[in-house]
Amino acid sequence: MIKMQDLKKDFTVRVKAGRFRRLKRTVAAVDGVSLTIERGEMVGYIGPNGAGKSTTLKMLTGVLTPSSGEVSVCGLTPVPQRTRLALRIGVVFGQRSQLWWDLPLRESFELLRHVYRVPAAGHATRLRRCRDLLDLDEFLDTPVRQLSLGQRMRGELTAALLHGPEVLFLDEPTIGLDVVSKQAVRSFLAELGRTGDVTLVLTTHDLADIERLCERLVVIDHGRVVHDGSIEALHARYGSRRSLVADLDRPLPDGFTLDGTTLTSVTANGHRVTFTLDSVTAGVAVAGLVAAVAVRDLSVVEPDIEDVVARLYTER
Amino acid sequence: MGEWRAYAALGVAQIRSVTVYRASFLVEVFGNMGATVFDVLTVLVLFRATPEVGGFSLREAVLIVGLSSAGFALADFAVGNVDRLKTYVRAGTLDAVLVRPLPALPQLLLMDLPIRKTLRVVFGLVVLGVAVAANDIHWTPLRLFLIVLTPLAATVFFGSIFVLSASLAFWWVDSGEIGAAFTYGGRDFTSYPISVYGSWFRNLFAYALGFGFVAYQPALALLGRADPLGLPAWAGFLSPLVALGAATIAAGVWRAGIRHYRSTGS
């Protein structure tokens with residue numbers, strides 16, 4: 001569905017060097033990305049600010065011309081075949097609206113039907129589905145400029161889907177949304193992904209989006225892919241482990257060890273301890289701990305993807 | 001076929017959008033007419049001081065103004081708002097236009113269609129009508145053809161200049177008002193008989209850049225006057241060719257510009 005082969009995008013930046021002199025410098029925003037994404041995949045595309053996420057998405061949608069390398073989406077070359085490609089993809093750029101500011105949401109949708117030249121019946125079916133899943137009805141007749149950010153984003157998602165695209169590109173779809181709206185957007189996308197006929201590529205800074213939605217995670221940094229695989233693979237690669245956190249009646253005796261684990265932290269005057277599970281299951285570790293000391297409360301904590309990704313970003 | 005429906009929908013959306021703010025829309029419609037009226041008044045005032053300018057009487061000069069301002073008003077109405085491109089490029093909002101299944105330029109023109117400038121077009125055409133009536137034109141089929149063709153060619157020509165100067169923004173985001181020197185400057189240039197200009201300036205703008213063929217040469221052909229600068233009578237019929245040339249260049253530069261577009265970080 002999507003193929004990128006050694007895709008690059010350079011920008012020239014002029015740097016001030018003295019009163020009138022400007023030095024030209026070339027910055028590679030995307031520096032040799034090769035990826036293949038199959039039909040129906042849901043791919044999370046993450047990376048720190050300025051890593052090249054949006055630039056990649058803009059090359060895939062035909063907004064930006066690649067400096068070198070090859071790219072094809074739905075079998076089309078994005079820039080020369082931009083308008084043909086546009087009929088087959090849906091795009092939500094979190095910061096750029098596709099809606100008509102002064103018109104009610106309903107009219108924007110009607111206009112898009114003409115812009116995308118889709119038959120009224122299919123359009124109506126898809127609109128009905130979005131209205132149900134995204135609760136659009138209460139603000140369908142409100143001018144877009146009066147919508148809240150969460151409402152507008154739900155409108156943007158609908159706008160991107162009304163022509164039945166094969167690929168959906170989402171650039172930070174949950175940015176700036178409150179918890180409830182984020183949930184609404186995520187469940188909607190999850191629902192969309194379940195049917196399996198839409199390929200979804202999404203960039204985000206919110207890793208919860210990825211955990212909820214994407215099987216596959218592509219991490220990009222300085223314009224290069226630094227990880228491509230499942231979230232589990234990322235954890236395995238960086239040796240992230242589950243850990244056991246226990247609240248104790250009394251601090252641990254000196255020199256205490258629990259087989260197959262490492263004691264990683266002792267807080268609250270020795271009353272709270274954390275063990276990383278290296279080679280034993282949580283059950284074995286819990287049994288071992290309870291047998292040795294008086295435990296008031298305990299919990300098993302899953303590895304935090306935020307930490308893993310933060311490590312990935314700083315490790316340069 | 002479907003594309004035309006799409007364009008029509010975009011145009012209707014723009015009309016509906018501007019008429020949401022009814023009072024401000026009406027103020028703009030009438031405020032906008034002012035500008036065109038002043039252009040014509042300038043010429044009338046000039047002739048209060050002297051009976052002839054560059055060898056042309058007031059009546060003849062008004063025909064030149066009429067051809068130029070009818071063409072310019074039409075171009076300004078249809079294409080003039082392309083100068084908003086620089087804000088789109090600066091803000092990166094052109095992205096939203098580029099992901100739609102229509103060519104970018106017609107979309108931009110329709111999205112910004114300046115309904116408020118309609119009265120300007122009416123005024124430009126009225127001036128042309130008055131000028132035609134005021135001159136004793138000996139009508140032939142060829143001249144009838146010319147009076148229809150010239151404003152249209154002028155529209156295409158000025159439209160191309162608008163697109164060209166707006167395209168600067170693709171390479172040079174801070175292009176500011178440099179483009180206006182060629183659009184509004186060009187209109188002012190074509191409003192007068194070119195015989196009033198100094199020779200190198202005239203050679204550059206009238207002949208090399210083609211502004212002389214927009215209104216001046218066709219006016220001579222309509223009036224049946226010999227060109228005091230020595231060009232043959234058929235030069236009055238060159239305006240469509242000049243317009244076509246300008247449009248070709250503008251389209252090429254626009255296309256190159258779109259490919260050069262850098263968007264912004266988001």
Side-chain angles (χ1 to χ4, degrees), chain A residues 9 11-13 29 49-50 52-55 57-66 78-80 82-104 107-108 110-118 143-145 156 159-160 163 169 171-172 175 203, chain B residues 1-22 24-25 84 87-108 110-113 115 170-174 254-266:
Chain A
K9 180 71 188 177
F11 288 118
T12 30
V13 219
N49 288 324
K53 303 183 297 290
S54 296
T55 307
L57 237 54
K58 283 171 190 164
M59 286 193 281
L60 290 173
T61 49
V63 171
L64 290 181
T65 313
V79 171
R82 193 186 72 229
T83 52
R84 276 179 62 197
L85 178 64
L87 289 169
R88 298 173 58 180
I89 62 173
V91 182
V92 176
F93 289 141
Q95 322 273 45
R96 320 245 195 276
S97 184
Q98 277 292 332
L99 304 168
W100 278 260
W101 209 237
D102 292 313
L103 300 183
E107 286 188 36
S108 282
E110 188 54 26
L111 272 163
L112 287 168
R113 182 169 81 78
H114 293 294
V115 169
Y116 283 88
R117 292 154 258 160
V118 277
V144 172
R145 69 188 133 86
E156 300 279 357
H163 55 288
F169 293 101
D171 195 6
E172 313 203 8
I175 195 166
T203 78
Chain B
M1 206 33 222
E3 287 202 10
W4 291 107
R5 292 279 305 275
Y7 291 136
L10 285 176
V12 170
Q14 168 63 7
I15 295 172
R16 296 200 19 88
S17 292
V18 290
T19 47
V20 166
Y21 308 96
R22 214 159 289 156
S24 103
F25 173 67
R84 301 239 310 248
T87 24
Y88 293 141
V89 169
R90 185 193 296 272
T93 33
L94 193 60
D95 296 0
V97 171
L98 288 175
V99 298
R100 288 198 188 137
L102 292 171
L105 185 57
Q107 274 195 77
L108 282 180
L110 284 169
M111 279 164 55
D112 286 335
L113 194 67
I115 318 291
F170 285 120
W171 287 272
W172 187 16
V173 179
D174 300 315
W254 175 268
R255 233 171 275 136
I258 288 278
R259 297 205 172 189
H260 194 267
Y261 173 59
R262 301 177 44 150
S263 189
T264 51
S266 61

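Just so we're on the same page: letters track the sequence lines, and every chain starts at 1.
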Specify which of [options] makes the most heavy-atom pairs with chain B at under 4.5 Å.
| options | answer |
| --- | --- |
| A:Gln98, A:Arg113, A:Glu107 | A:Gln98 |
| A:Thr61, A:Thr203, A:Leu87 | A:Leu87 |
| A:Thr65, A:Leu64, A:Leu112 | A:Leu64 |

Working to the nearest 0.5 angstrom, can you tell me the gap between [X] [atom1] and [Y] [atom2]?
| X | Y | atom1 | atom2 | value |
| --- | --- | --- | --- | --- |
| B:Ile15 | B:Leu10 | CD1 | CG | 11.5 Å |
| B:Thr93 | A:Phe93 | OG1 | CZ | 12.0 Å |
| B:Gln14 | B:Leu113 | CD | CG | 6.0 Å |

Exercise. With only heavy atoms counted, which part of B:Ala104 is less than 4.5 Å from chain A, the side chain, the backbone, both or neither?
Worked result: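 For B:Ala104, backbone and side chain are both near chain A.
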For this session: Is it possible for you to check whether B:Arg100 lies under 6.0 Å from the centre of the six-membered ring of A:Trp100, through NZ or CZ, and within 45° of that ring's axis?
Result: yes
Problem set entry | Atom group of A:Ser97 that falls short of 4.5 Å from chain B, counting heavy atoms | backbone
For this session: Could you tell me which portion of A:Val115 (side chain, backbone, both or neither) has an atom closer than 4.5 angstrom to a non-hydrogen atom of chain B?
Result: both
Exercise. B:Tyr88 and B:Asp95: side-chain donor and acceptor closer than 3.5 Å?
Worked result: no
